[in-house]
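Reading through the structure tokens given below for one structure.
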Amino acid sequence: MNPYDPPAAGGDHANPIDTRDLGTVVCRFPFTPEFLLESLDVYRSQRPGVAFRSWLKWGVLVFLFLSLFVLLLIGDPLEAMVLVLPISTLLLFRRLEEFFVVRNFRKSPHCGQASVLAFSDEGFRAESEIEQSSCTWSAFSEARVLDGGVLLYRGPKMVNWVPDRTHESSDGPARLRELVAAKIPSNQ
């Protein structure tokens, strides 16, 4: 076998995740651009100052629209056209950012991979056709238990979003929340 060939689907992994272990919480999902955008939205919603930034953005937009209206009323269309760029940038910034994130992610070998996450007393294990990784619970600095899942932080900007809908078993979300509460002291 050529070591440079990618592993075949369903190939023999060194330590495959044992989904029969009763203490293991298993999640499966395809790592799609939509999942990445959902993860980014959840991560951003937990950052401090989200409400302030939103109010600031809408306040600036109202000011710019009022300025545009006044410039059009006094008959200065050339100066009014200058305001169109910042207004459209503020209105379309999120869509443009999502476009570039998805475009770049589609070039990644991880795009579309079927991923399996397993959580046990020992730690966390992630596996796909192209990658395997594991870490102990001490690698996580913080966890946020939210209504739709758990957000695990491995640093200030490195997170794992584990939605409740990805769990293999119906009691998986509750068991993961128990593990997180027991293993990560900064749980919120």
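By convention here, the first residue in the shown sequence is residue 1. What you see is a predicted model, and the numbers here were worked out from it, not measured in a lab. All values below come from the heavy atoms of this structure, side chains included, with hydrogens, waters and symmetry mates left out.
Residue pairs meeting the ring pair (Phe, Tyr, Trp, His ring centres under 6.0 Å) criterion with at least one member in residues 56-82: none, sequence neighbours excluded. Within the structure, ring pair (Phe, Tyr, Trp, His ring centres under 6.0 Å) contacts touching residues 76-106 (residues at least two apart or in different chains) are Phe31-Phe105.
Remark: Tyr153 engages no residue in a ring pair (Phe, Tyr, Trp, His ring centres under 6.0 Å) (not counting sequence neighbours). With sequence neighbours left out, the salt bridge (charged side-chain N to carboxylate O under 4.0 Å, His left out) criterion links Glu38 to Arg165.
Here the closest heavy-atom approach between residue Ile130 and residue Gln113 is recorded as N-OE1, 4.0 Å. The shortest non-hydrogen separation linking Leu151 to Gln46 is CD2-CG, 3.9 Å. Considering every non-hydrogen atom in both Leu64 and Pro86, the closest pair reads CD1-CB, 4.1 Å. Across Leu68 and Ala80, no two heavy atoms sit closer than the pair CD1-O, 3.2 Å.
Leu85 forms part of no hydrophobic cluster, judged by ILVMFWY side-chain heavy-atom separations under 4.5 Å. Grouped with Met81 in one hydrophobic cluster are Val84, the linkage being side-chain heavy-atom contacts under 4.5 Å among Ile, Leu, Val, Met, Phe, Trp and Tyr residues.
Formation of a donor-acceptor pair under 3.5 Å by the Arg175 side chain with backbone atoms of Thr24 is found in this model. At distances below 3.5 Å, not a single donor-acceptor pair connects side-chain atoms of Arg154 with backbone N or O atoms of Ser141.
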Kindly indicate, with the supporting measurements, whether the criterion side chain to side chain contact (heavy atoms under 4.5 Å, CB included) is fulfilled by Arg53 and Arg47. CA-CA 11 Å; Arg53 284 191 299 275; Arg47 294 179 62 196; 4.1 Å; yes

I'd like to know whether Thr32 forms a side chain to side chain contact (heavy atoms under 4.5 Å, CB included) with Leu37, so could you lay out the CA-CA distance, the side-chain angles of the two residues, the decisive distance to 0.1 Å, and finally the verdict. CA-CA 9 Å; Thr32 61; Leu37 289 176; over 6 Å; no

Show your reasoning for whether side chain to side chain contact (heavy atoms under 4.5 Å, CB included) applies to Leu71 and Leu83. CA-CA 10 Å; Leu71 287 172; Leu83 293 178; 3.8 Å; yes

When you look at Thr136 and Phe124, which way does the side chain to side chain contact (heavy atoms under 4.5 Å, CB included) test go after all the steps? CA-CA 6 Å; Thr136 62; Phe124 164 83; over 6 Å; no

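Using a 4.0 Å cut-off between a side-chain N of Lys or Arg and a carboxylate O of Asp or Glu, Arg177 and Asp164 qualify as a salt bridge. We find that Glu97 and Arg95 are not joined by a salt bridge, their nearest charged nitrogen and carboxylate oxygen being 4.0 Å or further apart.
Side-chain contact check for Phe29 versus Val162: every heavy-atom pair is 4.5 Å or farther apart.
Counted by atom type alone, Ser120 and Glu122 present one or more donor-acceptor pairs between their side chains at under 3.5 Å.
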